[in-house]
Structures are given as C-alpha cells and as structure tokens.
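Take a look at the structure set out below.
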Amino acid sequence: MRILSLLFASLFLSSAWAQTGYQPTAENLTARKTFQDDKFGLFIHWGVYSLLSSGEWVMNDRQIPVHDYEKLPAFFNPTAFDAKAWVSMAKNAGMKYITITSKHHDGFAMYDSKVSDYDIVDRTPYKKDVLKALADECRAQGIKLFFYHSHLDWHSPDYYPRGRTGQNLGRPDSGDFNKYLTYMDTQLTELLTNYGPIGGIWFDGWWDQQAGDKADPRKTKLDWHLDRTYSLIHKLQPATLIGNNHHVAPFPGEDFQMFEKDLPGQNKTGFSAESEVSQLPLETCETMNGAWGFNINDRKYKSTKDLIQYLVKAAGHNANFLLNVGPMPDGRIQPEFVKTLGEMGQWMQQNGETIYGTRGGPVAAHDWGVSTAKGNKVYVHILNWPDKQLSIPALSGKIKSARLFADKRPVKISQSAEGIVLTMPAAPADDAIDTIVELDM
Ligand code: FHN
C-alpha cells in the first residue's frame, strides 16, 4: 500500500502524463510537415513592459507591485503600430510564420479578452485588438500566426502558490491555482476561437513550478493539468501545433519541440541541460540583440552574417529558426532590426531553395558547416572553411554531380579513404557567409 501511495504521489506531480495516448490527427501531421518546410519565423515579444524599455522581465526584476504595474496600460498607446508593415517585414525577410506574445509573464493580454479587463482593449487609450489586426494581415499575406502564451502569471491572484518568480509583488498570500488554470484555458479558448486558424501555441513558464528534482526534472510542485489544456487545444483546432518551452523532454500532446538560444543537442546557455532531442519537429529561438522585449540599453546586435549562419545551422540540425524582435512602445520595430531582417531576406531570395522544404542533411554538423537535403539534392553549406578542398564523410548514395549553388560552376568529386573530397573552383571568400555545394544524388 505504502509503495502505491508513493508511486501515485510522484506521478501526480509529474506532467509526464500530459495528453497520454495522444494521436495527432492527419491535419496536425500535415501542419507539422509544413512547419518543418517553413524553416524561418518571426518571434515578437511585445507588451506594456515595452514602455519601461528594460525587457519583458522588468516587473519581476524591479519588484514592481501589481498595483503599480497596473498603471502602465494607461500609458500604452501604440499609434504607430502597423500590422501590414510588420507582416511585410517578416515576409520580405523570408519568414513564413509569426509567433507573438498573446500574454507574457506579466499577465497582460495583448488582445480583447472577455474573461479579464486586464487587456489592451479595456485598459489602454489605444483600445484596439492588435492580435486581431495581425491575424487579419497574416491571412491576407499568407503568413501563419502562432501565439506565445505564458503559463506563469505575475498578475493573477490565483496563480498560487507562487513559483520561482513573481514573489513579493503585492498579491495576497492566498489563491486558487485550479481557478487560475481554468482562467488560462478560457483565454486559450478565446485565442483559438476568435482569430481564425492558428498555427500553434508556444507555451512558456512551466519551469516556474519546477520542483528542481535532479532525478526527475519533469516533476513540478503543482499540477499544470497539461492533459486538460492540450486536449482543449487539439479539440478546438486539431491542426494547431503545441510546443512548450519547459526545457525538458516533450510531454505527450506536444507537436513540436523548441530550444531557447541553443541548437538541438547543444547547451550553450544552460537552458537545455535537462532536455533531449525528440523526433518532433524542432525549432530554435534566438534574439537579434540580447533582449526579447524592447530594451533601450541593449546594443548586443548580432550581425547579419551571424544570423544567416545561425539559420543555416538550425536547418542543418533539422530545426526551424525563430528570430525575435521586441517592438518599441509606439508600435514601431527599431531600425537596427528592420535593416538586418532586410539583408537576411536578400540572402533568402537567392539561397532559400537550399533551406525551405529541406531537412537536416546526411553530412552531420561540423565546425566547417552543415548540410541540408531535399529530394535527390544534398546541399553542403560551407560556413567556415579557408580551403578550396573539403573532405566530407562518405554518403550512402552515389553523387552523380556537384556544383556551386551560387553560379553553377562544377565542383570536382574524388573518393578518399575518409570519404569524399570536394574540390571547388576556388576557396571560399573570407567574408563569404555560406558557400553552398549542391550535390545531385
Ligand atoms: O522568461 C522567458 C523570456 O521572457 C522569454 O520569453 C524567453 C523566450 O524564449 N523564454 C523565457 C526564458 O526561458
């Protein structure tokens, strides 16, 4: 009996059950394939926190009590917000989908919610539903729309017991967590009912209740009832892809797996220490500078070359690249981001064929670069190699011919003990972003 109760106790607090027995529908599987073909998306962190120009964690970082933070919406009036401009910027960059914060950790809804007036329509002088405008424009321009939605909530009194964050924000020392989860599921129902077909839900914040059990990193102090939430989403829109940025191995019911600031299998930032690369469609998300939400002091801009190479490496790791902007409080995207995205778009114009619709190639990722593959084509992406000759491991199939993708000049192929030697007409230029060798198999 004691063992059974222990077993039950441990299982109860683990989300491992989630949507056990989940069978993705045919349309969900099709959506997964399209997602993997799309490869490149725009991440948008925008909210009333943008007003304080110190990123999206400012409420917690500065310990701003709820009653003070609630003053912010009255200043939020993004009259320069232009959904057409945002979607066109993404499209011109070569992006196929947009993932925007419908609600971040501060609990403020960037759409017209009926279960709360803590939203952009009821609490700001702007009074318009920016997600509605974006959804309409995305549909008009053939761009898919995903919603980021925070599990964790620093505003709701019912997000109780508090987690690792959001302590001492002036909320009462009481609350009903299940009431909070019902509230969250109701907002998700609004988002999946009032904005047309939604490409996916990008959850974040599950880790706030992580129990910190090294033996079972999936254990949480509270039950998130992922089973209920995931079943709800799959019932409302079966093709909507669920992803959860929990940094542990995926739970049943999830349709894609994201890696924050890491390529799948890597752990540069410490986020992915407890994660495993699954068979689900993969996505890597990254900032263009050092911040997700608008941060006026952050000048750690990544170069266009670094970001294109990051996109290519993600594709070589069979993953999408979700690149972030933090719009300014008036609704404009800062010029540094607009310029870089424009330059990425030019590169994608010329080389997108070696990215879109591909999967990670037969030549594993290497310091010199990666490979992608599509049909009988293998694209060897040489990102960092000084020489005109490059050895790659033997491939299972036979290479019929090889050429430089850019100008179709032939590349000589010779067999070696280690595998294959590709001899290019010349060594890659020093400032080359990606010298692509196209192999016909
Ligand atoms: O806390 C969030 C953070 O604000 C941001 O949303 C990133 C995006 O991947 N995720 C969390 C940090 O892991």
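These values consider heavy atoms only, across backbone and side chains, with no hydrogens, waters or symmetry-generated copies. Atoms within each ligand, like the ligands themselves, are counted from 1 in listed order.
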Review point. Do K96 and Y356 meet the cation-pi criteria used here (NZ or CZ under 6.0 Å from the six-membered ring centre, within 45° of the axis)?
Key: yes
Check your understanding: Which pairs pass salt bridge (Lys or Arg N to Asp or Glu O under 4.0 Å) with one or both residues in residues 255-270, sequence neighbours excluded?
Key -> R32-D255, K261-E286, D262-K268
Practice item. Indicate whether any N or O donor in one side chain lies under 3.5 Å from an N or O acceptor in the other, for Q19 and H234. Key: yes
Check your understanding: Strictly by modelled atom types, are H104 and Y49 linked by a side-chain donor-acceptor pair under 3.5 Å?
Key -> no
Practice item. Keeping to residues at least two apart or across chains, list the side chain to side chain donor-acceptor pair (under 3.5 Å) pairs with something in residues 126-138. Key: D129-Y195, D136-R139, E137-Q141
Every pair of nitrogen or oxygen atoms between ligand 1 and the protein that is under 3.5 angstrom apart - can you list them with their distances to 0.1 Å?
residue	atom	partner	partner atom	Å
ligand 1	1 (O)	W57	NE1	2.8
ligand 1	1 (O)	H105	NE2	2.8
ligand 1	4 (O)	E56	OE2	2.5
ligand 1	4 (O)	W57	NE1	3.0
ligand 1	4 (O)	H104	NE2	3.1
ligand 1	6 (O)	H45	NE2	2.7
ligand 1	6 (O)	H104	NE2	3.0
ligand 1	6 (O)	Y148	OH	3.3
ligand 1	6 (O)	D204	OD2	3.3
ligand 1	9 (O)	E260	OE1	3.1
ligand 1	10 (N)	D204	OD2	2.7
ligand 1	10 (N)	E260	OE1	3.1
ligand 1	13 (O)	E260	OE1	2.7
ligand 1	13 (O)	E260	OE2	3.2

Review point. Taking only residues two or more places apart in sequence or in another chain, which ones pass side-chain contact (heavy atoms from CB on, under 4.5 Å) with N295?
Key: A291, N297, D298
